[in-house]
Amino acid sequence: MDAVANNEVVSLSSLSKGEHATVLSVIEDGQSLGDEQASTIARRLLELGFVPGAELEVVARMWPGDDPVAVRVGGSMFALRRREAQAIRVRRGAAAAPTTDAGAR
Amino acid sequence: MDASVIAAKDLRVALVGLPNCGKTALFNRLTGSRQKVANYPGVTVERKEGHFVGPSRRRYLVLDLPGTYSLSPTTLDEAITRDVALGRLAGEQRPEVVVLVADATHLALSLRLVLEVKRLGLPLVVALNMSDLARRRGYALDRERLSRELGAPVVETVAVAAGGADELVRELERSGALAPAVASAAAAPAADWRDPTPEEVRASHVEAARILKAIGYRVPLRSRAAVQFDQVLMHPVGGMLILAALLFFVFQAVFAWAEAPMEWIDAGVASLANALNAALPEGVLKSLLVDGIVAGVGSVLVFLPQIIILFFFILALEDSGYLPRAAYLLDRVMGSVGLSGRAFIPLLSSFACAIPGIMATRTIPNVRDRIATIMIAPLMTCSARLPVYALLIAAFIPDRAVGWMNLQGLVMFALYFAGIVSALAVAWVMKWRSKGARYHPLMLELPDYQWPNLRNLAFGLWERVQIFMVRVGGIILAMMVLLWFLSSYPAPPPGATGAPIEYSFAGMLGRALQVVFAPIGFNWQISIALVPGLAAREVAVGALGTVYAMSGNDPDLATTLTPVIAQGWPLATALALLAWYVFAPQCLSTLAVVKRETGGWRHPLIMAGYLFGLAYLAAFVTYRVALAFGGG
């Protein structure tokens, strides 16, 4: 974790690898997603579990351009392109719940 | 109620679930080999149905519906799932019971889907699949409470273990026996369905979370090994290197491991031809059987081992959860030419055969992405082009070392590489032409790693083998018989001096085509061979064999043909033919599949046209350049 203030509101695309955050909203106005299918994309993001209050973790970011990103949310992991990631508003930092059985095995 | 009446009535059961929930494995477990794969009426989505007979002698017709996250579809596959579940799809009866297959290791999303599916009003059974795995990872829940909350029976299944579906079968027997009347009433089409609104989706997440809490669901932990795997396999540099090494290994294996079985098939075909030769009297029937059918079908059958090995790797990688990660790694590269990372899987399959590759594009939600992937799939060097490459390389490229590599191998690699590069270029041109293109999301799930299940691999492989064998048995067999006829009739006039084929229909056709192909260095024999090569590329080798020697008692045409063409053709012609086959107007069965998948003649015609144009251009340039460098 760097010195960035916790609780800052950013888009998912600006999180770095390993960072945790809480979903605030999915932008549906098409500004970020571009066109009339924005609502379809936003709805699918909701269905996949990017709902307000969901905790997520950035697992990997592809190089170059950090596109796509791999995000773990609600027990599943999804690859999102940069623009989908930009449509998701999050609050940085979260009570990091353990996601692995560290030590076991 | 009369038990025999109940027993006599079949119950239609539909399996619904998220992608990667092990639904198909459960389907295989329930129905075993009693499956049939077809298409839904009017659309190209694969319809998998099977049946089994329960202990009460009642027969269950099980439909494996395409995996979906919700009943608001974003792909053709997902639309089918919704429409079948609603009884809206013409020609498809509405199921009477829905089995919702939930992945016990990721219950949250499955549970949300349950809440949506409940609105369908069909009798519902929830199967907690992969419950063994979930338990090993410390999962716990109150199953009775879950059943009460959902208002539906909840059973545990382990699709990959023998007997893993027994509990589900018992439940189906119980609920099916209870309510055949209810089931039939529910099976009428639902009239008042509307897709859930975003607010309802959010509400269903909240409700799912509440239920999870109420039943004391403990999220199964991921093993630390899996997390570390991802750190390595999804690393921007390390992951790419591993992917490259893996693909190299797969292709190496396809060639090396297939060698022995291919020799067995060759030997088997040869001995069959010899036996027929000895047993049959001279005449038309013998010529048709030995020269036409055995030699022709044998020259295609020989690729079965390579196709099996390639599909073995593809299915194993898919089952293990690695392929979506490969798509993640390649998304950026493929996105730069307007493709989706999801296109990786269909394109990889196309190295075996473009047909399953094109069918696999159904998982690409965006229509334009999907069409672009279909259009370039034939540029992936399919195994049918191998025999042509192998023949020409053996005849014209010296077998000598270049550094630590072999020149012949290097040329083979260059041909594969040329196909990939041209595919990217074509995709880029298509992207550039559709300037106003909309944005296409990825939203691809990266499932947990798991060991591939041998039983499921076997089912998947058997399906591919069947597709291939039907192709061999159908179109290729017909083309070989037709070619044999064309090159045997009419018989040469008495006192003719040339080879009989020169007087046949095939000879006339070849001479006519030569007008078109002379500028790129093809002689009339090649011109004839290109025609059946349209049916299936690999047939071109057999056709050349037939053309060069209508005696053709040796079914191993590729070996006997090598010295003949090595002496007969200039190097420039051979190189031009290689260049031609990088693009090679693809086989008719590919075009037929493209027509089916795109729903019209437009795309197959464009495809045939652009590939023909590129092939001609590439062959022309190659021929002229080779001539200029003294390759004549």
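Here is how names work: the chains are called A, B, and so on, in the same order as the sequence lines, proteins then strands, and each is numbered from 1. Values reported hereafter were calculated over all heavy atoms of this structure, with side chains retained and with hydrogens, waters and symmetry mates removed.
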Original post:
Between B:E116 and B:R112, is the closest basic N to carboxylate O distance under 4.0 Å?
Top reply: yes
Original post:
Is there a donor-acceptor pair closer than 3.5 Å between any side-chain N or O of B:R342 and the backbone N or O of B:D331?
Top reply: no
Subject >> Residue selection (most heavy-atom pairs with chain B, distance under 4.5 Å) from A:V59, A:L80, A:V69, A:L46 >> reply: A:L46
Original post:
What part of B:D230 gets closer than 4.5 Å to chain A, counting heavy atoms only: side chain, backbone, both or neither?
Top reply: side chain
Subject >> Part of B:D448 within contact of chain A (heavy atom distance under 4.5 Å) >> reply: side chain
**OP:** With a 4.5 angstrom heavy-atom cut-off, could you sort out which part of B:S336 is near chain A: side chain, backbone, both or neither?
**Re:** neither
**OP:** Against chain A, label B:E200 side chain, backbone, both or neither, depending on which of its atoms sit under 4.5 Å from a heavy atom there.
**Re:** neither
**OP:** Report yes or no: does A:R44 contribute a side-chain atom to a donor-acceptor pair with the main-chain N or O of B:S72 at less than 3.5 Å?
**Re:** yes
**OP:** Keeping the roles fixed (side chain from A:E84, backbone from B:L442), state whether a donor-acceptor pair exists under 3.5 Å.
**Re:** yes
Original post:
For B:L446, is it the side chain, the backbone, both or neither that has a heavy atom under 4.5 Å from a heavy atom of chain A?
Top reply: both
Subject >> Which atoms of B:S204 approach chain A - backbone, side chain, both or neither, heavy atom under 4.5 Å >> reply: neither
Original post:
Which one, B:M443, B:H106, B:Q231, B:E445, leads in non-hydrogen pairs under 4.5 Å with chain A?
Top reply: B:M443
Subject >> Greatest number of heavy atom pairs closer than 4.5 Å to chain A - which of B:M240, B:R202, B:M234, B:H235 >> reply: B:R202
Original post:
Within the side chain of B:T81, is there an N or O that forms a donor-acceptor pair under 3.5 Å with the backbone of B:P66?
Top reply: yes
**OP:** With a 4.5 Å cut-off on heavy-atom pairs, point out which of B:P447, B:P324, B:A327, B:S70 contacts chain A the most.
**Re:** B:S70
Subject >> Under 3.5 Å side-chain donor-acceptor pair for A:R82 and A:S13 >> reply: no
Original post:
What part of B:L329 lies closer than 4.5 angstrom to a heavy atom of chain A: side chain, backbone, both or neither?
Top reply: both
Original post:
So, B:Y449 versus B:R325: side-chain donor-acceptor pair below 3.5 Å or not?
Top reply: yes
Original post:
Do the charged groups of A:R92 and A:E19 touch, with an N to O distance under 4.0 Å?
Top reply: yes
